[in-house]
Number of protein chains: 2
Amino acid sequence: MSHDLSQLITYLQEHGQNITAPRRAVFTALQNSDPLTMAELEKRCPGVDRSSVYRTVMLFERLGVVQRLSIGWKYKLELSDIFQGHHHHLTCQACGKHIEITEDVSLEAQLQALAAAHDFTLKSHQLELFGLCSDCSPRA
Amino acid sequence: MSHDLSQLITYLQEHGQNITAPRRAVFTALQNSDPLTMAELEKRCPGVDRSSVYRTVMLFERLGVVQRLSIGWKYKLELSDIFQGHHHHLTCQACGKHIEITEDVSLEAQLQALAAAHDFTLKSHQLELFGLCSDCSPRA
DNA sequence: CACGAATTGCGACAAATTTGCAAAAAGCCT
DNA sequence: AGGCTTTTTGCAAATTTGTCGCAATTCGTG
């Protein structure tokens, strides 16, 4: 774990940001974890004040360290592309499990084309797939 | 307008739900409108209590009448596929404009394949593209 | 270790969403 | 239309979520 922490430290330094306990805590909580809600994240950062968690998440989002996943009208947080590669999720509507999927190049290209067809300059995108995972499928 | 309202009425009856003033109001507000935030929706349902708007939206979401669009960590509401066809959005990061796009079949097929590759039964998906519309592009 | 700048923890707030309940409206049957 | 039962609504209060100002701490540096 402390291995990846060093990646954060380097990143923060490169962006002229200080390394602080709350920042390490938030990052560590998000590591090797499924996406977390803000409440869950708070709980996993004991001793860190709620407002600090919010401020850290905002900073990290601005720096591109974390990204928010929308699940219906809620959202969850996860480390961003830089720290775990560009990917999307399959969210199981039954058990809530998240499965990471690596998007293939042709899909990316297709989205670009789709945007271009509308004179739109594509900057980023979010794709969420909902359904049932193999465990929750009617007859596995 | 009252034409489409009859579509809602039929739908609600088929699902054993009552037809009430708040429900008609919420539906009508969402008709022929760009996606709305909860606050905007409330404002367009004068005389309807805030909690009723929330309850109605929740019901409609459960019934598949409305769907929430995630814009970053906020969301907007719009009538769902059943009432206005399956589509996605291009959201301009500069002016906030939403452009509806009809997704092509090949993309749908690709998503199906993507899910299948993970033993996942795809039920629905949401695709949001962010960038700059032609008006806001650096040099139009 | 000392200094100036950046950040944190608190407490107070504001906004968003939910809930309990009595009153009002909807659906149904004469 | 009138009466009856069930579902919803409106209202008020409680939660939950996200912000903000500020003095106390911590960080990065020399």
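Sequence lines set the chain letters: A, B, ... in the order given, protein chains first and strands last, and positions in each chain run from 1.
- Looking at heavy-atom distances under 4.0 Å, Gly16(A) makes no contact with the nucleic acid at all.
- Residue Leu59(A) contributes atom CG, which lies 17 Å from atom P of dG18(D) at whole-angstrom precision.
- Here dA6(C) presents its P atom at 18 Å from NE2 of His15(A), a figure rounded to the nearest Å.
- For dT26(D), the OP1/OP2 oxygens have no side-chain nitrogen or oxygen of Thr20(A) closer than 4.0 Å.
- Note: CG (Leu41(A)) to C1' (dT17(D)) measures 14 Å, nearest angstrom.
- Between the C1' atom of dA5(C) and the CD1 atom of Ile19(A) lies a distance of 15 Å, rounded to the nearest Å.
- For the residue pair Ser51(B) and Asp49(B), a side-chain donor N or O sits within less than 3.5 Å of a side-chain acceptor on the partner.
- With rounding to whole Å, Glu61(B) atom CD is found 15 Å from dT18(C) atom C1'.
- Side-chain nitrogen and oxygen atoms of Arg50(B) include none within less than 4.0 Å of the OP1 or OP2 phosphate oxygen of dA16(C).
- Distances were taken from every side-chain heavy atom of Pro22(A) (C-beta onward) to each of dG9(C), dG10(D), dT8(D); the shortest belongs to dG9(C).
- When all heavy atoms of Leu36(B) and Ala29(B) are compared, the pair lying nearest together is CD1-O, 3.8 Å.
- Side-chain N or O atoms of Arg24(B) include none that pairs as donor or acceptor with a backbone N or O of Leu5(B) at under 3.5 Å.
- Rounding to whole angstrom units, CD of residue Gln13(A) and P of dC27(D) are separated by 13 Å.
- Nearest to the side-chain atoms of Ser51(A) among the listed nucleotides dA6(C), dT8(D), dC20(D) stands dC20(D).
- Close to dG18(D), at under 4.0 Å from its OP1 or OP2, lies a side-chain N or O of Tyr75(A).
- Asp49(A) has its CG atom 17 Å from the P atom of dC22(D), to the nearest Å.
- Residue-to-nucleotide contacts include a donor-acceptor pair under 3.5 Å from the side chain of Arg55(A) to the base of dG9(C).
- Checking Gln67(B) against Glu78(B) by side-chain atom types alone, a donor-acceptor pair falls below 3.5 Å.
- In terms of position along DNA chain D, the nucleotide closest to Val48(B) lies nearer the 5' end than the nucleotide closest to the other residue of the pair Lys74(B) and Val48(B).
- Rounded to a whole Å, the CG atom of Asn18(A) is 13 Å from the C1' atom of dT25(D).
- Judged by distance alone, the side chain of Thr56(B) and the main-chain N or O of Ser52(B) form a donor-acceptor pair under 3.5 Å.
- Contact between the side-chain N/O atoms of Tyr54(B) and the OP1/OP2 oxygens of dT18(C) is not found at any separation under 4.0 Å.
- When each of Ser52(A) and Glu42(B) is assigned the nucleotide of DNA chain C bearing its nearest heavy atom, the one mapping closer to the 5' terminus is Ser52(A).
- For the OP1/OP2 pair of dA26(C) and a distance below 4.0 Å, the side-chain nitrogens and oxygens of Gln17(B) include no atom meeting the criterion.
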